[in-house]
Each structure stands twice: as C-alpha cells, then as structure tokens.
**Student:** 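Quick one: this structure, given as structure tokens, is what I'll be asking you about.
Sequence lines set the chain letters: A, B, ... in the order given, protein chains first and strands last, and positions in each chain run from 1.
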Amino acid sequence: MAKKQRTAIEPTRSEDYAEWYQQIVRVAELAENSDVRGCMVIKPWGYAIWENIQKVLDKMFKAEGVKNAYFPLFIPKSYFEKEAEHVDGFAKECAVVTHSRLEDDGQGGLQVGGQLTEPYIVRPTSETIIGASFSKWVNSYRDLPLLINQWANVVRWELRTRLFLRTAEFLWQEGHTVHASRDEAEAETRLMLDVYAKFAEEYLAVPVIKGEKSEGERFPGAVATYSIEAMMQDKKALQAGTSHFLGQNFAKSSEIKYQNKDSEYEYAWTTSWGVSTRLIGALIMAHSDDNGLVLPPKIAPAHIAIIPIAKNEEDRQEILAYIEKITEGLKDKRFDGKEIIVEIDDSDATSGEKSWKWIKKGMPIRLEIGKRDMEANSVFMGRRDLDPRDKKTLRWDEFVASVDEILEDIQNNIFNKAVSFREENSVQIDNQEDFYKFFTPENKKKPEIHGGFAFAHWCGSVECEEKIKEDLKVTIRNIPFEVNAEEGKCICCGKTSKQRVVFSKSY
RNA sequence: CGGGGUGUAGCGCAGUCCGGUUAGCGCACUGGUUUUGGGAACCAGGUGUCGGAGGUUCGAAUCCUCUCACCCCGACCA
C-alpha cells in the first residue's frame with residue numbers, strides 16, 4: 001500500500017469538508033472572522049481576487065451599456081414598506097438604525113441618543129431606494145432603457161454565517177434596469193444572466209447551469225428569478241448569481257412611470273441582478289484541493305511566484321540578476337490582455353517553505369531558481385493544476401515565450417476538471433426509489449459526501465417541491481434552459497411533467 | 001432563533017472531572033550559529049487579562065450564575 005502523502009491542508013476534503021473549507025480560507029490568507037458578529041475581514045490576497053472580479057465584470061457590464069452610480073447605505077423604513085412581498089422576504093434580517101449620536105453617560109461609557117423620527121434600514125438590497133431615484137429620472141420613453149449598476153456593501157443579519165458563503169455584511173454589485181416593455185426587460189434579465197455565466201465559466205473556471213428558479217425560491221417581489229448554479233466538491237450546489245425580472249411590481253411601488261409615444265403614462269418594467277463575494281466561496285470550493293487554494297490564472301491576483309534558491313549572498317545576487325532578466329522578458333507578455341504579475345519571494349524562509357506557501361495560496365505558476373538553473377539558462381517550474389512534486393525544467397526564454405500558453409492551459413485544465421467533476425456527479429433519475437437513495441447518506445450520524453445533481457421530472461407543484469425538501473433537504477436548484485424538452489413523470493407524485501429540473505442539496 | 005460542541009500565546013492543543021508552587025507543550029515569532037533543489041538543525045529569547053462579568057473560597061483556567069463569540073446540525077435565507 002502506498003504511503004499517504006502529506007497534505008498541506010488538514011483535514012482533507014473527504015475527512016471533514018466544512019473544516020477543510022475554513023482551513024483553505026485561513027491558510028491562503030483570504031479572510032478571517034472579525035470581532036463583529038458574522039462579519040469578515042477580507043485580507044489582501046482575498047481582496048485582490050475580489051478586485052479582479054470587479055474589474056472584469058465591470059468591463060462586461062459597461063460593454064452592455066450599463067453605467068455605474070451610487071445610492072445611500074440607509075433606506076427609510078417607509079420605502080421598504082411599499083412592496084409587501086419584498087418586506088416579507090427581508091424583514092427578519094435587517095439591521096435598523098434608530099439613533100444618531102453617542103452621549104457621555106457620566107461613568108466613562110457611552111449611551112445612544114438622538115432618536116430618529118423614522119428608523120433607517122441598512123440596505124439588504126437597494127431596489128426601493130434606487131427606485132426612488134429612478135422615479136425622478138424616468139419621465140419619457142426617451143429616458144429608457146435606464147441601465148445602472150452599483151458596487152456596494154449590503155447587510156443581511158444572518159443567524160448562521162460562513163466566510164464568503166454567507167456573511168452578515170458582504171460586498172456585491174447590484175444592477176438595476178428600467179425598460180419600456182416587458183419583452184425588453186425580460187431580455188435584459190436573461191442577458192445579464194448570460195454575462196454571469198460567461199464570467200463564471202471563462203474567468204472563475206466554474207461551470208454553471210443557467211435556469212429559472214421555482215416559485216418558492218424566487219426573489220421577494222420578483223416575477224421571475226433566474227440563477228446560475230455551480231457544483232462544489234462536496235457535490236452540493238451553490239447559487240453563484242441571480243438575475244430577476246421584476247415585472248411592474250417595483251415600478252408600481254416606486255412610481256416609475258414614463259410617457260409613451262402616444263403621450264400616455266405607463267408603468268415601466270424593471271430588472272435587478274447581482275453577484276457577491278460569495279463568488280470567492282464558489283471559487284474556493286470548486287477548485288481547491290488538499291494542498292490549498294487553486295486559482296484560475298485569469299482571476300488570480302498574481303500569476304507567477306519566483307523563488308530564488310541561493311547558498312550564499314554572492315549566489316543570491318547573481319540569481320536575482322538572472323531573475324530580473326526573466327521578469328524583464330515577461331514585461332512584454334500579455335495574458336488575457338493584461339500584464340503578467342510576478343511575485344519574487346526573496347524572504348528568508350527555506351525554499352521548501354516558500355514553495356508550499358505559494359501552493360497554499362493558489363499561485364498558478366511557481367518558478368524555483370537556483371544556481372543550477374541559472375547556469376543551464378533554465379527555470380524549474382511547478383504548476384498549481386498539477387501535483388506539487390510534478391515539476392519540470394524549461395529553458396528560460398522558452399518559458400517566457402510560452403508563458404501565456406501555459407497560463408491558458410492551466411485555466412482550461414482547471415475548468416475541464418470542474419466540468420468532469422460535475423458530469424461524474426450528475427445523473428438522470430426516473431424513479432422515486434433511486435432518487436431517495438441518491439440523496440441519502442450511508443452514515444446518517446456523520447454524513448459522507450454524497451448526492452450530486454439529479455436531473456429529474458417535476459410536475460411543477462409547490463407540494464412536491466416541499467415534500468422533497470422536507471424528506472431529503474434537497475431543493476430544486478433551477479429549471480434549466482438548456483435541457484431537451486421531453487415529457488415524463490414527476491419524481492414525487494407521478495403526474496405528467498414537461499421537463500427535467502435540477503435537484504440538489506445546496507448552500 | 002432551537003439542539004449539540006468549543007473558547008487557555010499568532011495557529012494547533014494539554015491542564016478543568018477531583019480548586020493549591022511561578023499556567024504548560026508543539027508549530028510560528030525574535031536574536032545568533034550552521035544550513036539551503038523540496039515543508040532545515042541547534043542555542044538563546046519574547047509572548048497570555050486561561051473569551052468577558054459577577055459570585056463561592058485563605059486560594060479559581062478549574063466550582064456556581066450570567067453573558068459574548070465561534071463551529072456543527074436544524075429553522076430561516078436572492
């Protein structure tokens with residue numbers, strides 16, 4: 001029997017997935033808990049990933065004609081009350097501001113004072129406050145479509161939080177658009193979902209399933225909610241982005257009206273769509289392994305870690321000069337249209353330690369360069385998509401010349417791995433017994449990683465959806481757009497069904 | 001918010017049941033020496049309101065009460 005190789009992360013995914021996830025976040029220095037309940041501190045390496053997500057998405061939004069703006073953090077309670085379903089959906093998780101100042105209590109402490117006449121809600125999402133502005137901005141059909149996005153933080157007072165996946169405060173973008181017709185608004189909703197799917201697959205290397213949410217899973221106040229769903233390595237689904245068609249619900253509650261060509265007033269049609277720092281959670285759980293984070297090169301804060309290996313100061317200087325020659329060469333290279341970012345790790349740690357540090361942080365390429373490599377005009381390269389010990393020697397100029405192809409190859413490799421994983425754990429199920437078996441862990445006390453995506457027929461009733469949720473804690477992730485229309489029988493009640501939907505346990 | 005668990009140095013933990021020198025160990029950290037191609041070795045050193053508040057006691061990390069935070073399972077949740 002082969003000796004088990006030591007892994008950088010303990011426990012491993014199969015030993016304790018939840019703990020493994022937390023270890024990745026800690027060891028890769030992405031984020032940590034703060035003293036504020038449920039709120040995280042995003043550390044530089046994690047924040048740099050978010051900045052890259054922002055950069056790419058921002059460009060994609062702008063390419064669709066969307067412009068950025070910024071709206072207040074606070075929402076008057078009365079705004080919130082205008083849309084009944086909306087308030088129902090968020091009421092239980094709102095932070096409320098009721099006072100405006102702190103006063104000396106005479107005992108070295110502070111007490112709150114200055115009670116506000118109307119409480120403010122710290123935004124859990126901004127439909128209502130943005131709607132208030134939109135009602136002023138939209139007067140004529142000539143003002144439409146209005147395509148606005150804001151990058152912001154929002155607060156949802158979650159009772160159970162997990163770093164990146166669900167935190168009380170999180171960073172996100174929320175797009176809000178206004179249209180003259182239903183068709184146009186619906187098309188916009190779908191267009192932005194496509195943008196998210198493209199971003200998830202091409203940049204995060206996370207394959208996703210696009211589809212519509214069932215009624216029960218819809219955004220409060222929306223007419224239709226579309227999502228992209230990704231499979232994590234514990235075979236659970238993670239909703240990575242949503243796009244909502246809001247119909248005229250919010251236009252009516254916020255009085256967003258315009259005059260059409262016939263001089264008649266009409267309520268506009270609105271959409272909203274968002275992705276958050278949760279994408280970083282998706283990134284972690286889709287790709288990382290038992291040695292740490294694995295970052296797709298297109299979203300990594302840096303691409304290459306160069307680790308000089310020197311026996312003495314004299315060698316060190318020579319090696320650094322050699323490295324400089326390589327980094328000079330890299331300056332002219334582009335990957336995904338952007339500069340290639342190099343981290344030279346000239347710290348005191350030993351070479352092994354440094355190498356492992358960058359493995360854990362998910363750096364796509366490591367170059368270990370000692371005197372031997374220098375004399376041979378070569379570099380010793382390790383790739384994060386391969387085993388840590390699987391390294392090879394390349395001529396330095398060949399490396400520089402092909403670095404973009406190598407990064408591209410890593411990106412594709414990571415994506416393909418995720419696709420295969422999803423395929424291997426996706427099944428079509430046509431009878432109830434198999435369905436229940438698929439989602440039942442063998443060890444109930446300590447459930448092992450099990451299940452996956454089950455494509456099964458569903459009659460469309462809330463009752464069946466609820467029953468399955470009750471019995472198995474499995475929900476309909478979405479009703480995929482891209483699935484062959486075929487008739488079948490509901491996995492739950494046996495009634496006629498028009499198409500298959502994705503069932504899975506989820507985050 | 002319900003059930004269970006855990007809080008002791010930056011990280012991981014022992015000590016708590018059964019109160020008793022100066023609160024310990026490994027890793028990390030600082031200085032030094034030797035090292036350096038795969039997570040270095042040795043020597044020396046620093047580090048703690050024992051999560052917090054109150055109580056019991058001659059004496060509390062340890063017992064009691066309250067409280068806060070985190071983790072797991074639920075409930076809830078774009």
Side-chain angles (χ1 to χ4, degrees), chain A residues 5-8 10-11 16-19 21-23 26-27 29 32-40 85-86 88-94 124-127 154 156-163 165-168 170 172 174 193 196 213 216-222 224-229 238-246 272-276 278 291-292 307-313 315-316 319 348-360 366-374 376 378-380 382 388-391 393 444-447 469-470 473 475 478 506-507:
Chain A
Q5 205 172 286
R6 184 183 166 191
T7 55
E10 306 224 337
D16 185 343
Y17 193 82
E19 178 62 22
Y21 175 78
Q22 291 185 76
Q23 290 297 325
R26 194 171 66 80
V27 166
E29 299 179 274
E32 62 193 20
N33 276 307
S34 72
D35 290 342
V36 184
R37 182 200 185 120
C39 295
M40 63 178 165
E85 269 186 55
H86 191 60
D88 258 7
F90 287 105
K92 281 180 224 148
E93 49 184 50
C94 286
T125 179
S126 304
E127 274 74 9
V154 288
R156 294 179 189 179
W157 212 262
E158 300 286 353
L159 296 167
R160 188 177 170 192
T161 59
R162 303 183 75 179
L163 291 175
L165 297 174
R166 178 171 285 114
T167 48
F170 57 91
W172 79 342
E174 49 182 323
L193 191 78
Y196 288 155
K213 284 285 186 186
E217 303 270 328
R218 208 177 271 159
F219 177 68
T225 288
Y226 304 113
S227 74
I228 50 172
E229 302 283 334
L238 183 76
Q239 178 175 297
T242 46
S243 186
H244 315 288
F245 170 59
L246 304 175
S272 70
W273 27 275
V275 294
S276 71
R278 179 181 248 202
N291 288 316
I307 300 161
I309 297 170
K311 285 194 182 10
N312 54 51
E313 185 56 26
D315 284 2
R316 188 174 150 264
I319 291 164
D348 276 347
T350 62
S351 55
E353 220 173 334
K354 287 195 269 197
S355 189
W356 280 104
K357 170 183 156 186
W358 291 110
I359 290 170
K360 287 186 269 196
R366 304 183 308 283
L367 294 184
E368 294 163 18
I369 297 177
K371 207 158 184 190
R372 233 187 271 162
D373 308 286
M374 189 174 77
S378 65
V379 296
F380 196 48
R389 283 152 197 84
D390 183 359
K391 291 182 272 196
T393 298
K444 277 211 171 114
K445 289 231 166 98
K446 194 170 178 279
K469 190 175 174 182
E470 185 99 351
K473 284 160 210 146
T475 50
N478 66 24
S506 76
Y507 278 91

**Student:** Whole angstroms only, please: what is the CG-C1' distance between A:Asp315 and B:rU35?
**Tutor:**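 Answer to the nearest Å: 14 Å.
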**Student:** Should the heavy atoms of other residues, nucleotides or ligands under 6.0 Å from CH2 of A:Trp172 be counted, would the total exceed 12?
**Tutor:** yes
**Student:** Do A:Tyr196 and A:Val275 come within less than 4.5 Å of each other through their side chains, counting heavy atoms only?
**Tutor:**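 Yes, close enough: below the 4.5 Å cut-off.
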**Student:** For each nucleotide in nucleotides 8-14 of chain B, reading 5' to 3', give B when a protein heavy atom comes within less than 4.0 Å of its base, S when such contact involves only the sugar-phosphate, and - otherwise.
**Tutor:** ---S---
**Student:** Once each nucleotide of nucleotides 67-78 of chain B is scored for protein heavy atoms under 4.0 Å, what B/S/- sequence comes out, 5' to 3'?
**Tutor:** --SSSSBBB-BB
**Student:** Tell me whether A:Lys213 is salt-bridged to A:Glu229, with the criterion being a basic N under 4.0 Å from an acidic carboxylate O.
**Tutor:**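 Counted as a salt bridge, because a side-chain N and a carboxylate O are separated by less than 4.0 Å.
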**Student:** Need the pair for B:rU30. Rule: Watson-Crick or G-U wobble, both distances under 3.5 Å, any strand; none if unpaired.
**Tutor:** B:rA44
**Student:** Roughly, in whole Å, what's the span from CD1 in A:Ile309 to C1' in B:rA40?
**Tutor:**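 A:Ile309 atom CD1 is separated from B:rA40 atom C1' by 13 Å.
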**Student:** Please confirm whether the backbone N or O of A:Thr225 pairs with a side-chain atom of A:Arg218, one donor and one acceptor, at under 3.5 Å?
**Tutor:** no
**Student:** Expressed in angstrom and rounded to an integer, what is the separation of A:Glu313 atom CD from B:rU35 atom P?
**Tutor:** 15 Å
**Student:** Go through the structure and list residues passing side-chain contact (heavy atoms from CB on, under 4.5 Å) with A:Thr475, not counting sequence neighbours.
**Tutor:**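 Partners of A:Thr475 by the side-chain contact (heavy atoms from CB on, under 4.5 Å) criterion, ordered by chain and then number, come out as A:Glu217, A:Lys469, A:Arg477, A:Ser506.
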**Student:** Can you tell me how far P of B:rA40 sits from NZ of A:Lys311, to the nearest Å?
**Tutor:**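 From A:Lys311 NZ to B:rA40 P: 15 Å.
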**Student:** Answer yes or no: is there a donor N or O on one side and an acceptor on the other, between the side chain of A:Glu174 and the main chain of A:Ser126, under 3.5 Å?
**Tutor:** yes
**Student:** Keeping A:Arg316 on the side-chain end and A:Ile309 on the backbone end, is there a donor-acceptor pair under 3.5 Å?
**Tutor:** no
**Student:** Provide the Watson-Crick or G-U wobble partner of B:rG38, both distances under 3.5 Å; none if there is no partner.
**Tutor:** none
**Student:** Please measure how far the P atom in B:rC17 lies from the corresponding atom in B:rC11, and state the result in whole Å.
**Tutor:**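 Per the computed distance, 26 Å lies between those P atoms.
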**Student:** Would you mind pulling out the nucleotide paired to B:rC1, Watson-Crick or G-U wobble, both distances under 3.5 Å?
**Tutor:**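 Because both required distances fall under 3.5 Å, B:rC1 counts as paired with B:rG74.
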**Student:** Among residues at least two apart in sequence or on other chains, which ones pass side-chain hydrogen bond (donor to acceptor under 3.5 Å, both in side chains) with A:Ser243?
**Tutor:** none
**Student:** Using a cut-off of 6.0 Å, state whether more than 12 heavy atoms not belonging to A:Glu313 lie near its atom CD.
**Tutor:** yes
**Student:** So A:Ala8, base contact, sugar-phosphate only, or nothing? Heavy-atom distance under 4.0 Å.
**Tutor:** base
**Student:** What is the pairing partner of B:rC25, taking Watson-Crick or G-U wobble pairs with both distances under 3.5 Å in any strand?
**Tutor:**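 WC or wobble partner is B:rG12.
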**Student:** Should the pair A:His244 and A:Phe219 be assigned to parallel (<30°), tilted (30 to 60°) or perpendicular (>60°) ring geometry?
**Tutor:**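 Answer is parallel, since the angle falls under 30°.
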**Student:** Any strand is fair game: report the nucleotide pairing with B:rU49 by Watson-Crick or G-U wobble, both distances under 3.5 Å, or none.
**Tutor:**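 In the structure as shown, B:rU49 has no Watson-Crick or wobble partner.
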**Student:** Rounding to an integer number of angstrom, what distance separates B:rU47 and B:rG10 when you compare their C1' atoms?
**Tutor:** 10 Å
**Student:** Got a sec, which residues hit side-chain contact (heavy atoms from CB on, under 4.5 Å) with A:Glu32, two or more places apart in sequence or on another chain?
**Tutor:**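 Once residues adjacent in sequence are excluded, the partners of A:Glu32 under the side-chain contact (heavy atoms from CB on, under 4.5 Å) criterion are A:Val41, A:Lys43.
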**Student:** In the strands shown, is B:rC17 matched to any nucleotide by a Watson-Crick or G-U wobble pair with both distances under 3.5 Å, and which?
**Tutor:**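 Its partner: none found.
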**Student:** Can you check the distance between B:rG48 and B:rU8, where both ends of the measurement are the C1' atom (answer in whole Å)?
**Tutor:**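 The answer is 8 Å between these two C1' atoms.
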**Student:** May I have the distance from A:Glu353 (atom CD) to B:rG37 (atom C1'), rounded to whole angstrom?
**Tutor:**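 Atom-to-atom, A:Glu353 to B:rG37, this comes out as 15 Å.
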**Student:** Which letter, B, S or -, goes with each nucleotide of nucleotides 43-51 of chain B from 5' to 3', with contact meaning a protein heavy atom under 4.0 Å?
**Tutor:** ---------
**Student:** So what does A:Ala222 touch, heavy atoms closer than 4.0 Å: a base, only the sugar-phosphate, or nothing?
**Tutor:**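 If one applies the 4.0 Å heavy-atom cut-off, A:Ala222 turns out to touch nothing in the nucleic acid.
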**Student:** Kindly indicate, with the supporting measurements, whether the criterion side chain to side chain donor-acceptor pair (under 3.5 Å) is fulfilled by A:Ser227 and A:Asn478.
**Tutor:** CA-CA 7 Å; A:Ser227 74; A:Asn478 66 24; 3.2 Å; yes
**Student:** Could you tell me which nucleotide pairs with B:rA69 by Watson-Crick or G-U wobble geometry, both distances under 3.5 Å, or answer none if nothing does?
**Tutor:** B:rU6
**Student:** Taking only the C1' atom of each, what is the distance from B:rA9 to B:rG51 in whole angstrom?
**Tutor:**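 After rounding to an integer number of Å, I get 14 Å for this pair.
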**Student:** How is A:Ser355 classified with respect to the nucleic acid when contacts are heavy atoms under 4.0 Å: base, sugar-phosphate, or nothing?
**Tutor:**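 The residue A:Ser355 makes no contact with any strand.
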**Student:** Rounded to whole angstroms, how far apart are NZ on A:Lys371 and P on B:rG38?
**Tutor:**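 My rounded result for the distance is 18 Å.
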**Student:** Separation of A:Ile307 atom CD1 from B:rG38 atom C1', in whole Å?
**Tutor:**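 One finds 10 Å between C1' of B:rG38 and CD1 of A:Ile307, rounded.
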**Student:** Taking pairing as Watson-Crick or G-U wobble with both contacts under 3.5 Å, can you name the mate of B:rG59, or confirm there isn't one?
**Tutor:** none
**Student:** For the P atoms, the ones on B:rG46 and on B:rG31, what distance do you get once it is rounded to whole angstrom?
**Tutor:**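 Those two atoms are separated by 15 Å.
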**Student:** Between B:rG45 and B:rC64, how many Å separate the two C1' atoms, rounded to a whole number?
**Tutor:**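 Those two atoms are separated by 40 Å.
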**Student:** Expressed as a whole number of Å, how far does the P atom of B:rG52 sit from that of B:rA60?
**Tutor:** 15 Å
**Student:** Tell me the interatomic distance from A:Lys360, atom NZ, to B:rA28, atom C1', rounded to whole angstroms.
**Tutor:** 11 Å
**Student:** Per the side chain to side chain contact (heavy atoms under 4.5 Å, CB included) rule, which among A:Met40, A:Glu158, A:Arg156, A:Arg162 passes with A:Thr167?
**Tutor:**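 Result for side chain to side chain contact (heavy atoms under 4.5 Å, CB included) with A:Thr167: A:Met40.
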**Student:** Between the base of B:rG38 and the side chain of A:Ser351, is there any donor-acceptor pair under 3.5 Å?
**Tutor:** yes
**Student:** Roughly how many Å apart are B:rA61 and B:rG7, using the P atom of each and rounding to a whole number?
**Tutor:**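 Looking at atom P only, B:rG7 and B:rA61 are 16 Å apart.
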**Student:** Does A:Tyr226 reach the main-chain N or O of A:Gly241 with its side chain, forming a donor-acceptor pair under 3.5 Å?
**Tutor:**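 Checking the backbone N and O of A:Gly241 against the side chain of A:Tyr226, no donor-acceptor pair under 3.5 Å is found.
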